[in-house]
Amino acid sequence: MNIIIFGPPGAVKGTQSEFIEKKYNLFKLSTGDLLREEINKKTTLGEKITSIVKSGSLVSDEIINSLIESIVSNKKYNKKIIFDGYPRNLPQAKNLNELLLKYNQKIDIVIRLKVSLDVIKKRITGRLVCSECGKIYNEFFNPPLKNEMCCKKEFLKKREDDNVDVAIKRFKTYEDSTE
Ligand code: ADP
């Protein structure tokens with residue numbers, strides 16, 4: 001089963017994908033996570049895309065499409081992918097169609113999350129991510145409670161693009177190119 005999880009930034013696509021991934025033994029393919037990994041590792045690709053991701057604009061389709069092909073073509077993930085954050089515009093959607101045909105796969109379900117801009121702002125500005133295990137908390141909706149925490153407080157970080165101005169820009173990019 002392949003799934004696309006779709007919705008604006010801050011719609012908790014990442015958190016919901018993790019639940020689905022565990023429950024159905026699938027693989028979460030988050031283009032945002034893949035890009036942040038390149039940035040943190042300071043690879044050549046990472047350096048090229050840092051300012052684009054920080055500003056809330058979209059990274060070029062060529063870069064994204066080649067990241068996607070490396071996973072869709074991998075037998076390990078055959079018919080087991082949750083696409084989180086992809087496709088994000090029409091050329092990416094067309095590319096996904098071609099890749100699915102090429103590797104004899106299809107999309108079985110599309111889940112669309114609808115959230116208002118006010119809630120999105122809180123979700124984004126309150127988001128904390130554990131830099132060790134990737135667990136996601138939120139200062140307003142899901143605060144890291146001392147005795148329930150698996151992560152040390154100093155590992156909890158805000159994403160660089162999680163501030164109000166960039167959140168509004170990301171929401172606008174979603175409305176203009178994705179929705
Ligand atoms: P969100 O959807 O919450 O904004 P993501 O982690 O999905 O967060 O994406 C963070 C950033 O990574 C985006 O603002 C964009 O710069 C880049 N990015 C992620 N996925 C794509 C994609 N499919 N195409 C182009 N850029 C992308």
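In listed order, ligands and their atoms are each counted from 1.
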Subject >> Proximal atoms of ligand 1 relative to I64 (non-hydrogen, under 4.0 Å) >> reply: 21 (C), 22 (C), 23 (N), 24 (N), 25 (C)

**OP:** Under 4.0 Å, heavy atoms only, figure out whether ligand 1 is touched by the backbone of L35, its side chain, both or neither.
**Re:** side chain

Subject >> Test applied, side chain to side chain donor-acceptor pair (under 3.5 Å); reference residue, Y86; option that passes from T31, N95, T178 >> reply: N95

Original post:
atom 19 (C) of ligand 1: which protein heavy atom is closest, and how many Å away?
Top reply: R88 NH1, 3.5 Å

Original post:
With a cut-off of 4.0 Å, which atoms of ligand 1 are near a heavy atom of R36?
Top reply: 6 (O), 10 (C)

Subject >> Side-chain donor or acceptor of S131 paired with backbone N/O of F155 under 3.5 Å >> reply: yes

Original post:
What are the atoms of ligand 1, with element, lying closer than 4.0 Å to any heavy atom of S57?
Top reply: 15 (C), 16 (O)

Original post:
Is a side-chain N or O of E21 found less than 3.5 angstrom from the main chain of K28, in a donor-acceptor match?
Top reply: yes

Original post:
Would K158 and E139 pass as an ion pair if we require N to O under 4.0 Å?
Top reply: yes

Subject >> N/O donor-acceptor pair under 3.5 Å between N2 side chain and D108 backbone >> reply: no

Subject >> For G10, the ligand 1 atoms whose distance to one of its heavy atoms is below 4.0 Å >> reply: 3 (O)

Subject >> Exam field: side chain S57 to backbone V53, donor-acceptor pair closer than 3.5 Å >> reply: no

Original post:
With no hydrogens and no angle check, is any side-chain donor or acceptor of N138 less than 3.5 Å from a backbone partner on R123?
Top reply: yes

**OP:** Report yes or no: does K13 contribute a side-chain atom to a donor-acceptor pair with the main-chain N or O of G7 at less than 3.5 Å?
**Re:** yes

Subject >> Min N/O separation I52 to ligand 1 under 3.5 Å >> reply: no

Original post:
Relative to the heavy atoms of K13, which atoms of ligand 1 are at a distance of less than 4.0 Å?
Top reply: 2 (O)

Original post:
In terms of atom number and element, which parts of ligand 1 are under 4.0 angstrom from non-hydrogen atoms of G85?
Top reply: 20 (N), 21 (C), 22 (C), 23 (N)

**OP:** Classify the contact between V59 and ligand 1 as side chain, backbone, both or neither, using a heavy-atom distance cut-off of under 4.0 Å.
**Re:** both

Subject >> Protein residue, atom and distance nearest to atom 11 (C) of ligand 1, heavy-atom basis >> reply: V53 CG1, 4.0 Å

**OP:** Report yes if T31 has an N/O atom closer than 3.5 Å to an N/O atom of ligand 1; otherwise report no.
**Re:** yes

**OP:** Record the part of P87 in heavy-atom contact with ligand 1 below 4.0 Å; permitted values are side chain, backbone, both and neither.
**Re:** neither

Subject >> Selected option - heavy-atom contact closest to atom 10 (C) of ligand 1, from K169, R170, Q92, R159 >> reply: R159

**OP:** Spell out, as yes or no, whether a donor-acceptor pair under 3.5 Å connects the side chain of S55 to the backbone of I52.
**Re:** yes

